[in-house]
Q: 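I'd like to ask you about the structure that follows.
Order of the sequence lines sets the chain letters (A, B, ...), proteins ahead of strands, with each chain counted from 1.
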Amino acid sequence: MNIQNTLENTVIDGMKILFEVDIPVIEFQETRKEFEGDLTIVVFPFLKFIKGNPFEIASKLGDFLKENSNEISDFNVVKGFLNLTISDEYYLHSFDRINNTKNYGIKKIDKNEKSVMVEYSSPNTNKPLHLGHIRNNLLGYSVAEIIAATGKKVYKTQIINDRGIHICKSMLAWQRFGNGETPESTGLKGDKLAGNYYVKFDEEYKKEIASLIAKGTSEEEAKKNAPILVEAQNMLRKWEAGDENTVSLWKKMNQWVYKGFDKTYEELGVNFDINYYESNTYILGKNIVAEGLKNGVFYKKEDGSVWIDLTEEGLDEKIVLRADGTAVYMTQDIGTAIQRFKEFPDLDSLVYTVGNEQDYHFKVLILILKKLGYTWAQHLYHLSYGMVDLPSGKMKSREGTVVDADELIIEMTDTARSISQELGKLESYTDKEKEKLYKTIGLGALKYYILKVDPKKRILFDPKESIDFNGNTGPFIQYTYARIQSILRKADFDYSKKIINMPLHQKEKTLIKLLEYFKETIYNSALNLSPALLANYTYDLVKEYNSLYQSLPILGNENLEKKILRTQISNQVGKTIKKSFKLLGIDVPERM
RNA sequence: GGCCCCGUGGCGCAACUGAAUAGCGCAUCAGAUUUCGGCUCUGAGGGUUACAGGUUUGAAUCCUGUCGGGGUCACCA
């Protein structure tokens with residue numbers, strides 16, 4: 001219950017009594033800094049319901065509110081804007097409520113609420129995770145946490161693309177050139193090892209193409225007929241037929257890769273509740289296609305392939321089953337979605353965290369499921385995000401021009417280390433604690449940098465220059481948190497007393513207002529699937545706090561009650577930073 | 001070419017989904033701080049929100065068109 005909700009009914013009643021009209025929604029906004037007041041009602045929209053001069057309407061409403069509402073101590077009118085001044089008592093009361101609410105803003109999981117599944121990461125098993133995955137992981141994890149904070153049970157999931165020609169390429173190259181190398185024998189992470197052989201495959205493939213062309217084959221033919229590629233395709237067929245050797249090699253290499261992924265996920269601080277594997281799900285959906293064929297959602301072409309016609313919806317025709325009866329990407333996704341809703345009867349909606357190059361795919365997927373008559377299909381969301389580009393151009397894992405996830409994390413930690421060492425403040429820390437802190441700061445910088453941007457927008461990432469520690473950054477916010485902890489450590493008096501009556505400074509009011517707004521921000525972020533809203537809120541809060549910190553004494557105040565209140569505010573700001581960052585997947589240090 | 005996304009001071013981002021003089025950070029310049037951590041704070045300069053129309057009392061936001069950037073139109077996943 002915030003001030004707007006509190007006032008809304010009074011305003012509606014007021015308009016009814018004063019002008020005999022029903023106003024359906026009242027539009028509130030923050031009063032701009034250059035005007036007097038805390039909260040503003042925009043009167044212009046009322047003109048649709050009553051004729052009259054906006055200034056007069058606002059004035060009359062102002063009088064009414066001052067008279068009939070305890071929260072409003074004063075008002076003024078500028079054009080059609082009714083600026084309300086909220087009483088100090090209300091602020092103190094509201095602040096007290098925040099202090100007395102355990103975990104203000106975070107709702108406990110409510111069993112009556114429906115659950116949400118968030119899918120993210122979903123890697124291929126032939127190469128290590130890279131910068132693009134980092135954005136995906138951070139977004140998916142954070143959105144899942146944010147939704148959970150609104151009281152819904154959330155299942156985090158990934159679908160691991162563990163089968164297909166890509167993994168066969170790695171397998172084949174390892175078989176040919178690997179000399180029995182293992183992660184143990186080389187000391188390499190398993191995903192790196194597999195990735196190296198994927199690159200190796202591509203090199204060999206290119207060599208073979210070149211030599212075929214030299215012998216007079218056309219480029220197109222060469223690309224299709226290079227022996228190593230034919231061999232890889234052959235391997236995929238053997239895998240699908242269940243050939244023992246192939247399957248056991250596949251299992252072995254995938255295990256290596258999973259171990260590597262787990263390490264990266266752990267470093268990154270993300271996790272999953274359930275994993276799905278493409279090798280188990282790629283056949284799913286075939287029965288659904290058969291059913292859809294019967295009731296006319298799909299149709300069969302002469303060659304036996306099955307399609308859906310979406311031209312009426314302004315889209316194309318889309319294949320859902322190959323002529324030879326094998327499944328395509330879409331078949332699998334149809335099946336997997338249905339299976340998930342079967343496996344989790346409490347599930348209400350499903351969020352797919354996937355790059356925007358797949359916008360079309362998900363549009364079609366959702367449409368197909370709707371056409372098949374699944375009511376939950378209207379609760380499927382594609383959390384689409386823009387690419388992460390490098391100054392040098394696009395990342396290509398085949399060519400090895402990627403920013404590797406593990407390396408980037410190490411690089412960030414190194415940067416944090418060199419900056420922290422200059423600053424000191426860590427005398428009492430052991431080396432181990434220091435290392436942990438450097439990681440907290442380095443990862444904090446990286447995560448915040450990526451999450452503060454609207455997911456839809458693409459990011460140009462310059463690993464050398466992009467990460468800043470000043471301004472709107474993770475470390476800046478972490479620094480403020482650490483400083484607040486320092487104040488609280490020094491506060492050697494009891495500051496638990498409730499302050500009821502005291503004239504408030506404008507900065508105190510602004511902070512209380514912002515603290516109150518935390519809850520709404522979480523809901524907004526969840527609704528928009530956008531951690532960026534929460535990240536920018538946190539920055540605003542911190543900036544406002546720093547401004548108070550700089551200009552007003554906290555512990556040094558002579559008035560005991562002021563001292564108590566400001567310590568309480570500091571405490572609450574600290575808590576809010578911590579909670580908010582937790583939802584973003586970012587740690588916060590006690591000292592730095 | 002069809003469809004989708006993006007275009008905001010030199011650079012990087014905001015704007016509660018239609019409201020007051022479009023905010024913030026970096027960079028630049030000028031200041032503050034005997035005191036709670038100077039990775040701080042205060043202030044200045046810098047924008048016709050790509051362009052052209054339209055709707056509206058009111059548009060960065062909605063509609064139409066143009067230009068620029070990206071994506072996608074695979075019986076790959």
Q: Atom CD of residue position A:Glu558 - does it have more than 12 heavy atoms of other residues, nucleotides or ligands inside 6.0 Å?
A: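 No, CD of A:Glu558 has 12 or fewer neighbouring heavy atoms, counting only those of other groups under 6.0 Å.
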Q: Within the structure shown, what part of the strands sits under 4.0 Å from A:Ala491 by heavy-atom distance: base, sugar-phosphate, or nothing?
A: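 Nothing, no nucleic acid heavy atom in range.
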Q: Check every strand shown and say whether A:Asn557 touches a base, only sugar-phosphate, or nothing at a heavy-atom separation below 4.0 Å.
A: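 Touches nothing.
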Q: With heavy atoms under 4.0 Å as the rule, sort A:Ile319 into base, sugar-phosphate or nothing.
A: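 Base, at least one base atom sits under 4.0 Å.
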Q: Given the rule that a pair is Watson-Crick or G-U wobble with both distances under 3.5 Å, how would you write RNA chain B in dot-bracket, using | for pairs to a different strand?
A: (((((((..((((.....[...)))).(((((.......))))).....(((((..]....))))))))))))....
Q: Measure from the side chain of A:Met387, starting at C-beta and using heavy atoms only, and say which of B:rC36, B:rG71, B:rA19 lies closest.
A: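 Of all the options, the side chain of A:Met387 is nearest to B:rG71.
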Q: Any pair with a residue in residues 515-534 of chain A that passes ring pair (Phe, Tyr, Trp, His ring centres under 6.0 Å), sequence neighbours left out, goes on the list, sorted by first then second residue, please.
A: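 Listed by first then second residue: A:Phe518-A:Tyr537.
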Q: Just to be sure I understand the rule, does A:Glu30 reach a base, reach only the sugar-phosphate, or reach nothing, if contact means heavy atoms closer than 4.0 Å?
A: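 Nothing, no nucleic acid heavy atom in range.
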Q: I want to verify a distance call: between B:rA77, B:rA20, B:rC41, whose nearest atom is closest to the A:Lys543 side chain?
A: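 Comparing B:rA77, B:rA20, B:rC41 against the side chain of A:Lys543, the answer is B:rC41.
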Q: From the set B:rU72, B:rA77, B:rC41, return the single nucleotide nearest to any side-chain atom of A:Glu357.
A: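 Looking only at heavy atoms from C-beta outward on A:Glu357, the closest nucleotide is B:rU72.
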Q: Looking at the side chain of A:Leu533, which of B:rG37, B:rA15, B:rG71 is the nearest nucleotide?
A: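 Shortest atom-to-atom distance from the side chain points to B:rA15.
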Q: Say you pick atom P in B:rA27 and the same atom in B:rG69; how far apart are they, in whole Å?
A: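 Here B:rA27 and B:rG69 have their P atoms 31 Å from each other.
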Q: Roughly how many Å apart are B:rU61 and B:rA19, using the P atom of each and rounding to a whole number?
A: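 To the nearest whole Å, 11 Å.
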Q: Just call it for A:Gly556: base, sugar-phosphate, or nothing, with non-hydrogen atoms closer than 4.0 Å on any strand.
A: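 The residue A:Gly556 makes base contact.
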Q: Pick the P atom in B:rC13 and in B:rG65, then give their distance to the nearest Å.
A: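 Comparing P positions in B:rC13 and B:rG65 gives a spacing of 28 Å.
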Q: Under 3.5 Å, is there any donor-acceptor pair linking the side chain of A:Gln550 to the base of B:rU40?
A: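 Indeed there is one.
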Q: More 5' along RNA chain B: A:Asn161 or A:Lys490, using each one's nearest nucleotide?
A: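 Final value for this comparison: A:Lys490.
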Q: With a non-hydrogen cut-off below 4.0 angstrom, is A:Thr40 in contact with a base, only sugar-phosphate, or nothing?
A: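 Here A:Thr40 touches the bases of the nucleic acid.
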Q: Which atoms of nucleotides 1-10 of chain B (N or O only) lie under 3.5 Å from a protein N or O atom, and what are those distances?
A:
none

Q: If you find the nucleotide of RNA chain B closest to A:Phe28 and the one closest to A:Ser547, which residue's nucleotide is nearer the 5' end?
A: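 Its nearest nucleotide being more 5', the pick is A:Phe28.
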Q: Roughly how many Å apart are B:rU56 and B:rG10, using the P atom of each and rounding to a whole number?
A: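 Looking at atom P only, B:rG10 and B:rU56 are 34 Å apart.
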Q: Below 6.0 angstrom between ring centroids: does that apply to A:Tyr385 and A:Tyr120?
A: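 No; A:Tyr120 has its ring centre 6.0 Å or more from that of A:Tyr385.
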Q: Is any side-chain N or O of A:Asp333 under 3.5 Å from a base N or O of B:rA77, one able to act as donor and the other as acceptor?
A: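 There is none.
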Q: With the criterion set at under 5.5 Å between ring centres and under 30 degrees between planes, would B:rA19 be stacked on A:Phe44?
A: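 Yes, A:Phe44 stacks on the base of B:rA19, since the ring centres sit under 5.5 Å apart and the planes are within 30°.
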Q: Would you mind reading off the distance between A:Lys301 atom NZ and B:rA74 atom C1', rounded to a whole angstrom?
A: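 Rounding to the nearest Å, NZ of A:Lys301 and C1' of B:rA74 are 13 Å apart.
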Q: Under 4.0 Å, counting only non-hydrogen atoms across every strand here, what does A:Asn528 touch: a base, just sugar-phosphate, or nothing?
A: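 Here A:Asn528 touches the bases of the nucleic acid.
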Q: Check A:Asn161, A:Asn254, A:Asp162 against A:Thr125 for a side chain to side chain donor-acceptor pair (under 3.5 Å) and give me the one that passes.
A: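 Looking at A:Asn161, A:Asn254, A:Asp162, the match for A:Thr125 under the side chain to side chain donor-acceptor pair (under 3.5 Å) is A:Asn254.
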Q: If you measure from the P atom in B:rC26 to the same atom in B:rG53, how many Å do you get, rounded?
A: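 B:rC26 and B:rG53 have their P atoms separated by 38 Å.
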Q: Between A:Tyr448 and A:Tyr539, is the gap from one ring center to the other below 6.0 Å?
A: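 Distance test on ring centres: not under 6.0 Å, no.
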Q: Can you give me the closest heavy-atom contact between A:Arg135 and A:Pro455, atom names plus distance?
A: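 Residues A:Arg135 and A:Pro455, closest heavy atoms: NH2-O, 3.3 Å.
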Q: Without decimals, in angstroms, what is the distance between A:Leu451 CG and B:rA14 C1'?
A: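 In whole Å, B:rA14 C1' and A:Leu451 CG are 16 Å from each other.
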Q: Please answer whether B:rA20 and A:Phe35 are stacked, defined here as ring centres separated by less than 5.5 Å and planes angled under 30°.
A: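 Base of B:rA20: stacked against A:Phe35.
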Q: How close do A:Pro128 and A:Gly195 get, heavy atom to heavy atom, and via which atoms?
A: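 Closest pair (atom of A:Pro128, atom of A:Gly195, distance): CD-CA, 3.9 Å.
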Q: Counting any heavy atom closer than 4.0 Å, what does A:Asp303 reach on the DNA or RNA strands: base, sugar-phosphate only, or nothing?
A: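 If one applies the 4.0 Å heavy-atom cut-off, A:Asp303 turns out to touch a base.
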Q: Looking only at the side chain of A:Arg32 (C-beta and beyond, no hydrogens), which of the listed nucleotides B:rC41, B:rC76, B:rU21 gets closest?
A: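 Among B:rC41, B:rC76, B:rU21, the one nearest the side chain of A:Arg32 is B:rU21.
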Q: Using the benzene-type ring in the case of Trp, are the ring centres of A:Tyr381 and A:Phe362 under 6.0 Å apart?
A: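 Here the rings of A:Phe362 and A:Tyr381 have centres that are no less than 6.0 Å from each other.
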Q: Do side-chain atoms of A:Arg322 reach the backbone of A:Val328 as a donor and acceptor pair under 3.5 angstrom?
A: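 Checking the backbone N and O of A:Val328 against the side chain of A:Arg322, no donor-acceptor pair under 3.5 Å is found.
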Q: Is the side chain of A:Asn136 donor-acceptor paired with the backbone N or O of A:Gly132 at a distance under 3.5 Å, no angle test?
A: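 Not confirmed, A:Asn136 side chain does not pair with A:Gly132 backbone.
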Q: Using a 4.0 Å heavy-atom cut-off, does A:Gln29 contact any base of the nucleic acid, only the sugar-phosphate backbone, or nothing at all?
A: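 Base, at least one base atom sits under 4.0 Å.
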Q: Which heavy atom of A:Tyr438 sits nearest to which heavy atom of A:Ala416, and what is that distance?
A: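 Smallest interatomic distance, heavy atoms only, reads O-CB, 3.3 Å.
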Q: Using the C1' atom as the reference point in each nucleotide, state the distance between B:rA50 and B:rA44 in Å, no decimals.
A: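 Per the computed distance, 28 Å lies between those C1' atoms.
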Q: From the options B:rU21, B:rA19, B:rG37, select the nucleotide whose nearest atom is closest to the side chain of A:Glu34.
A: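 Closest nucleotide to the A:Glu34 side chain: B:rU21.
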Q: How far does the C1' atom of B:rG47 sit from the matching atom of B:rC41, given to the nearest Å?
A: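 Looking at atom C1' only, B:rG47 and B:rC41 are 26 Å apart.
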Q: Measure NE2/A:His133 against P/B:rA77 and give the value in whole Å, please.
A: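 So the NE2-P distance, A:His133 to B:rA77, works out to 17 Å.
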Q: Any base atoms under 4.0 Å from A:Glu520, or only sugar-phosphate, or nothing? Heavy atoms, all strands.
A: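 Contact class for A:Glu520: none.
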Q: Mind checking A:Leu552 for me? I need base, sugar-phosphate or nothing, with any heavy atom below 4.0 Å counting as a touch.
A: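 Contact class for A:Leu552: base.
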Q: Would you mind telling me which of B:rC16, B:rC24, B:rC36 lies closest to the side-chain atoms of A:Tyr549?
A: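 Minimum distance to the A:Tyr549 side chain belongs to B:rC36.
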Q: Which glycosidic conformation, syn or anti, is assigned to B:rU17 if syn requires a torsion within 90° of zero?
A: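 Syn conformation here, the glycosidic angle of B:rU17 being no more than 90° from 0.
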Q: For A:Pro45, report the nucleic acid contact type (base, sugar-phosphate, nothing); a contact means any heavy atom under 4.0 Å.
A: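 Answer is base: heavy atoms of A:Pro45 come under 4.0 Å of a base.
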Q: Identify whether any heavy atom of A:Phe469 sits under 4.0 Å from a base atom; if not, whether one sits that close to sugar-phosphate; answer base, sugar-phosphate or nothing.
A: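 If one applies the 4.0 Å heavy-atom cut-off, A:Phe469 turns out to touch a base.
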Q: Choose from B:rA14, B:rA77, B:rA20 the nucleotide whose nearest atom is closest to any side-chain atom of A:Lys79.
A: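 Looking only at heavy atoms from C-beta outward on A:Lys79, the closest nucleotide is B:rA20.
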Q: If we count only N and O atoms by modelled type, under 3.5 Å, do the side chains of A:Tyr545 and A:Ser570 hold a donor and an acceptor together?
A: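 Present: a donor and an acceptor within the cut-off.
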